[in-house]
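Below, chain A is the first sequence line, B the second, and so on; all start at residue 1.
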Amino acid sequence: MTVLDIPAWRPRTDAAPLLPDPEPYRMLGTPAAARLDPALLRALYAQLVRGRRYNRQATALTKQGRLAVYPSSTGQEACEIAAALALAPADWLFPSYRDTLAVVARGVDPVEALTLLRGDWHTGYDPRVHRVAPLSTPLATQLPHAVGLAHAARLSGDPVAALAMVGDGGTSEGDFHEALNFAAVWHAPVVFLVQNNGFAISVPLAKQTAAPTFAHKAVGYGMPGRLVDGNDAPAVHQVLTEALNRARDGGGPTLVEAVTYRIDAHTNADDAGRYREEAEVAAWRAYDPVELLERELTGRGLLDEAGRQQVADEAETLAADLRERMHTEPSLDLTELFAHVYAEPTPQLREQAALLRAETAAEAEESAAAASAEEPAAERRP
Amino acid sequence: MTVLDIPAWRPRTDAAPLLPDPEPYRMLGTPAAARLDPALLRALYAQLVRGRRYNRQATALTKQGRLAVYPSSTGQEACEIAAALALAPADWLFPSYRDTLAVVARGVDPVEALTLLRGDWHTGYDPRVHRVAPLSTPLATQLPHAVGLAHAARLSGDPVAALAMVGDGGTSEGDFHEALNFAAVWHAPVVFLVQNNGFAISVPLAKQTAAPTFAHKAVGYGMPGRLVDGNDAPAVHQVLTEALNRARDGGGPTLVEAVTYRIDAHTNADDAGRYREEAEVAAWRAYDPVELLERELTGRGLLDEAGRQQVADEAETLAADLRERMHTEPSLDLTELFAHVYAEPTPQLREQAALLRAETAAEAEESAAAASAEEPAAERRP
Amino acid sequence: MTTATTDTGREAPPVRKQTTMAQALNQALRDALAADPAVHVMGEDVGTLGGVFRITDGLTRDFGEDRCTDTPLAEAGILGAAVGMAMYGLRPVVEMQFDAFAYPAFEQLVSHVARMRNRTRGALPMPITVRIPYGGGIGGVEHHSDSSEAYYVHTPGLHVFTPATVEDAYGMLRAAIASDDPVVFLEPKRLYWSKADWSAREPAVVPPPGRAVVRRAGRTATLVTYGPSLPVCLEAAEAAKEEGWDLGVVDLRSLVPFDEETVAAAVRATGRAVVVHEAAGFAGAGAEIAARITERCFHHLEAPVLRVTGFDIPYPPPMLERHHLPGVDRILDAVGRLQWEDD
Amino acid sequence: MTTATTDTGREAPPVRKQTTMAQALNQALRDALAADPAVHVMGEDVGTLGGVFRITDGLTRDFGEDRCTDTPLAEAGILGAAVGMAMYGLRPVVEMQFDAFAYPAFEQLVSHVARMRNRTRGALPMPITVRIPYGGGIGGVEHHSDSSEAYYVHTPGLHVFTPATVEDAYGMLRAAIASDDPVVFLEPKRLYWSKADWSAREPAVVPPPGRAVVRRAGRTATLVTYGPSLPVCLEAAEAAKEEGWDLGVVDLRSLVPFDEETVAAAVRATGRAVVVHEAAGFAGAGAEIAARITERCFHHLEAPVLRVTGFDIPYPPPMLERHHLPGVDRILDAVGRLQWEDD
Ligand SMILES: Cc1ncc(C[n+]2csc(CCOP(=O)(O)OP(=O)(O)O)c2C)c(N)n1
Ligand SMILES: Cc1ncc(C[n+]2csc(CCOP(=O)(O)OP(=O)(O)O)c2C)c(N)n1
Ligand SMILES: [Mg+2]
Ligand SMILES: [Mg+2]
């Protein structure tokens, strides 16, 4: 019996080149690092230090009641900074909710990047200015957005790539799957960066996936998968740069897994002691992305104590600025509640805005009256 | 610089054994077929012929207005029948909407299996009797159900596996992804069978996926992927049997891709000429699952003309029975509209049921009046 | 449904033909694609096949695969990709194959499409049209006949349009695509084959979607409806003449924005109203309509606003659907219950 | 909120302590797990962590990972798996971490959980409880404060419960888990830390979920509410005394089934009603309540039923939420608009 030559029976692509090297890619401490541009290394280092400081400052701001909540990326700064620095100016960044550092490193004002978490509005920056999608919490939902934008750019003939970030937990969502499939079928210029930091809040990797690595998921979509040491900033930068170049050059999407660790609790409100051992955290602290890079720079004579101090000072300046500006009350404008729901408010919204205006006017009158009179607050309006 | 020995850096499983052989597994015409149990071959053959005939009859019933619609599985009978026959009695089948044949081969009454498509109710059979989940149209949504049931069976200590069927198109849905991930993480006794029949309605494979094969998706979940010739009934049966045994024995889930072809249009209502070439269909017709099996049986002296005729006659009997029973009007009971929404109808539903009862009583009266009187239909009730 | 064009106050164009709603929708997509290179049509089977209802027939052939694209089978992915495309300045027109198959995209719709403009203080508007064939009456099997409008209507940030005439199908789809805000465009699938004299060369100008239209003025009571139930209401109004009742019929056309002025005026004129839709009544769009009419017209009402809707049950199988759908008799019964003794 | 137990007619049990709603919910899960081996709790972070609100605190420790399971992060997968578990005879209790994160499971909920019993003529009931912390008022960032009840209330086949008191939290969650039908169990997250004297040894018996409870009888007007708005309404009723108004307050407790008898009786007694909830008003649950009250009580009403609800906007950021949420003043303003001149 002969088997007909039917295309369906031939694998549509060769799987082998898509499979990741199961050993995470590393540069620091390897000969490859010697070939690295010192300027890049210095830039990465300065940003890593700033990022570390920013995380600490933002966490402090939650204790001072200036932020509703902050999900720190301490320990993950190499991924955050390398992601931002690998992007070309015309590229777009699609952060996940923890990626404030990447957003700031991309150029967004450090205060505006915190608007969501301070709570005076949702997105504090104009996403078009730095080409950074809004920070937003529904996990993995930003991935199809990145694919759509990259697809639109390709349709428009623009050499623009999108970099979409997601956590290990977020990979379990259906949107992750749909996004990767669309990207591969459309050959969209998009790079997916999974920051595998070991936990989704309290849920450890073993309860999230049984895959050899997240990078192995790539073959199932027909795109290359790369595994990288997420605490090795130049390595992450290198892998992402290659993938973004390939994307812009019409080579299609890539899935990158960066192996890293969430040093802090999920957020300031979380108690990580409930679900993980301090020993594990300590092991990762000893493999710190900032120190790793610092050692490389120092070893290569690219950083001395004065340079280190200068970077530290710059980071302090950033933190001081952040602290100061976050300690001023944001100005709130109630009309904004209704202004952006639609291009034109519906008649019902206009009515509701009027109601609120009347209420606040009455409130203002009342407090004025209360202030000028001795007796307690004015009677309630019927 | 040394890299700490942190478990996160070791791939959690070895990828190699999970990867499919990119050559679809075949038995017919190979030495492996010689080892096959003749009884199994005969049973498969008889069911394939019945299945083919059933598809033809059901399609005819749409033309006669007895079925609202029928999605034929002609060309895919090897998958349908092998799936049903690979199951142990205590196992559960989770069909996709096209899998009426598998449902019937599992033992469900051929008329009851068509209830959804006839339109007198949704599910016509009691799913618990033959352990067959309802036929239902939202694609891929049955896959997490299969995982949950398999998980429940395992928690209960029952040696029960679930077989979940899905089409190539259905693999693009988020539910496919979430189900496979849950199955792998939970080590659930479930087998996923992707019937890759080349099309999702009009959308060809190349617009659905860029993966080497669907079986390659398995590695991304940490489960083995198998590729099988979906027109080779014993091969499909063998691969599924192995996977189901492994599942029942605590070996976890498997993803099986069966490569086959949808010979008929998507449904009787579809016009496949709009999106595919007759030449492609012809090529696949020449690689027909029923003929392939018949040739094997004949070649091995397991089937002579009399045997062939007997099987054909049985299939005709099935078809005649189906035709006849489908030509009686199903009995409709309006109270069923309200009976199964909740265990106990809400007060509102009781009111609505009463309204409908009053309406139908009035209608009955009217037609009685109209029948007994000469004048036209009674006046409308105010 | 020839009354529709009379509202536009335009003369009939010289070339007319019997056009189906499906054809008018196709023409709207065509004209939108031709008029604006930012418009992109996408969905399952919208390409070579032209969609299972043929609404996108010929668009890929005439505008290319990049303008009318067969997507993988994943509704959240489709709508999510549309969000990204809109962020880049395109105007995606998404087709969901059937009502119930829009549910997988619910999170993208509610959490992003509806909120992106608001989230970003207007920086990222979402000019996305989500076309959904909806409703019953075509003998569809389970999950093919849902009336899902209430979910969308309750979601701030979405517009919800639903045409009931051939003219509106064209005019409102063009308006939806031109809108800088997301529009859930609900196409009453059982009206796809309804016909009207209509010219693609000179499409009738219709009122903007935010305006309800009085399809029939009446003095006895007012039927307030939309989409697939409009023809049923018009038929009921016709039949009501036998009873000596002069029923008005208001076609809402868009549920968001909701034209309460037109509705309130029509109801005040009669003092009685019945709201009619196919969807389950409980917390359906009709509840809002009834509640709002009552708020606005309380002292003009001779009777409570009644609702004739689908029952509060999952959509029934084809053979039973006629008992579920609001029909002429059930509407007239409701009108009859509007306490005539008060007159 | 001590009025609640008076409705049960029971004597206070000897051992009492200040118990939070969160603790009562935890106790309900505990007792359900202990009472029935078919009960399984599952969701994101419900295990070792005990849930982000600690409602499942200690359950994995005490009942094992198989009875209280941390799932992968995928809501459709969680609910879909629960469907299969229910088919096998289990009683899954699913936690959705926040309101907006239940949307990915919308298709499973609407297309399967709500319809499986009906689809199979009762052969496959779905005794699934879907616990969703909902509503605002806790300073949550975007997507953490949605009031999504209207979506569920409009879906035939689902029960929708929402407790407002510690006693109800326990009693209704036990009832939900014991129900052979799916229950969307909406937990007002800002009441998690509300307290009452309550004994885990002898939990107060509460009326079944299908019954609304008059939390406060009144003669002037009736506030009809549920969940997070109950304390606000009780506070408003207290404050209204200053105006000489005697406001009644009805706590619906379950939106489906909806106890229209109790509501209608309470409204007839006053002739005036205001419906209060946090969700956007347009086509919210309050529309149904208002429409139904009007249908049932039209000739007893002195004024249209008014609604005080969240605005028709996406839930605002924390610093603005107080302007969005129905508060005492806004409720009293509405009461004031109930046309007192008609008295
Ligand atoms: C759709 C959705 N479900 C649940 C949540 C609640 N939640 C917020 S963060 C988080 C864990 C995310 O884990 P991971 O993706 O690994 O990112 P990480 O927190 O580690 O950066 C969860 C469950 C959410 N934000 N969105
Ligand atoms: C969630 C969902 N989206 C869309 C559809 C409409 N639909 C019905 S069948 C079909 C194609 C299915 O293709 P495939 O999964 O390959 O199965 P096949 O028809 O080839 O058996 C589509 C898009 C559906 N039933 N469910
Ligand atoms: Mg993580
Ligand atoms: Mg297919």
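Both the backbone and the side chain of A133(B) come within contact range of chain D, each with at least one heavy atom under 4.5 Å from a heavy atom of that chain. For chain D, the nearby parts of A153(B) are the backbone and the side chain; heavy atoms of each come within less than 4.5 Å. Using a 4.5 Å cut-off between heavy atoms, T115(B) does not touch chain D at all. Contact of V129(B) with chain D is not made at all, since no heavy-atom distance falls under 4.5 Å. The contact between V185(B) and chain D is made entirely by side chain atoms (from C-beta outward), counting heavy-atom distances below 4.5 Å. Both the backbone and the side chain of A343(B) have a heavy atom closer than 4.5 Å to some heavy atom of chain D. Using a 4.5 Å cut-off between heavy atoms, T137(B) makes no contact with chain D at all. Residue contact with chain D, scored on non-hydrogen atoms closer than 4.5 Å, involves the side chain of F94(B) exclusively.
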Show your working on ring-ring contact (aromatic ring centres under 6.0 Å, His included) between H177(B) and Y221(B) and close with a plain yes or no. CA-CA 9 Å; H177(B) 174 69; Y221(B) 301 99; 5.5 Å; yes
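Residues of residues 177-185 of chain D that come closer than 4.5 Å to chain B, counting heavy atoms only, are D181(D), ordered by residue number. Residues of residues 90-104 of chain D placed with any heavy atom under 4.5 Å of a heavy atom in chain B are listed by number as L90(D). Contacts between residues 36-49 of chain D and chain B, counted as heavy-atom pairs separated by less than 4.5 Å, involve H40(D), M42(D).
Ranked by non-hydrogen atom pairs under 4.5 Å with chain B, the options A74(D), S111(D), G89(D) are led by A74(D). With chain B as the partner, the residue from A76(D), A114(D), P257(D) showing the most heavy-atom pairs under 4.5 Å is A76(D). Comparing P134(B), G174(B), A339(B) by heavy-atom pairs within less than 4.5 Å of chain D, the highest count is held by P134(B). When each of H340(B), E178(B), Q348(B) is checked for heavy-atom pairs under 4.5 Å with chain D, H340(B) comes out on top. For the options D175(B), L116(B), L143(B), heavy-atom pairs under 4.5 Å to chain D are most numerous at D175(B). Of the listed residues V147(B), T346(B), V341(B), the one with more heavy-atom pairs under 4.5 angstrom with chain D than any other is V341(B). Most heavy-atom pairs under 4.5 Å with chain B: of the set E107(D), M85(D), E261(D), this distinction falls to M85(D).
The existence of a salt bridge linking D91(B) and R248(B) is confirmed by a sub-4.0 Å separation between a basic side-chain nitrogen and an acidic carboxylate oxygen. Ion pairing between E257(B) and K217(B) fails under the 4.0 Å rule for side-chain N and carboxylate O. The pair R253(D)-D168(D) meets the salt-bridge criterion, with a side-chain N (NZ, NE, NH1 or NH2) lying under 4.0 Å from an Asp/Glu carboxylate O.
Between the side chains of R121(D) and T123(B), no donor N or O sits under 3.5 Å from an acceptor N or O. Donor-acceptor pairing under 3.5 Å is recorded for the side chains of D333(B) and T335(B).
Partners of H145(B) according to the ring pair (Phe, Tyr, Trp, His ring centres under 6.0 Å) rule, which considers only residues two or more places apart in sequence or in another chain, are H112(D).
The heavy-atom pair separating D168(B) from A200(B) by the smallest distance is OD2-N, 3.8 Å. Across all their heavy atoms, A162(B) and L149(B) have their closest contact at CB-CD2, 4.4 Å. When all heavy atoms of Y342(B) and L158(D) are compared, the pair lying nearest together is OH-O, 2.9 Å.
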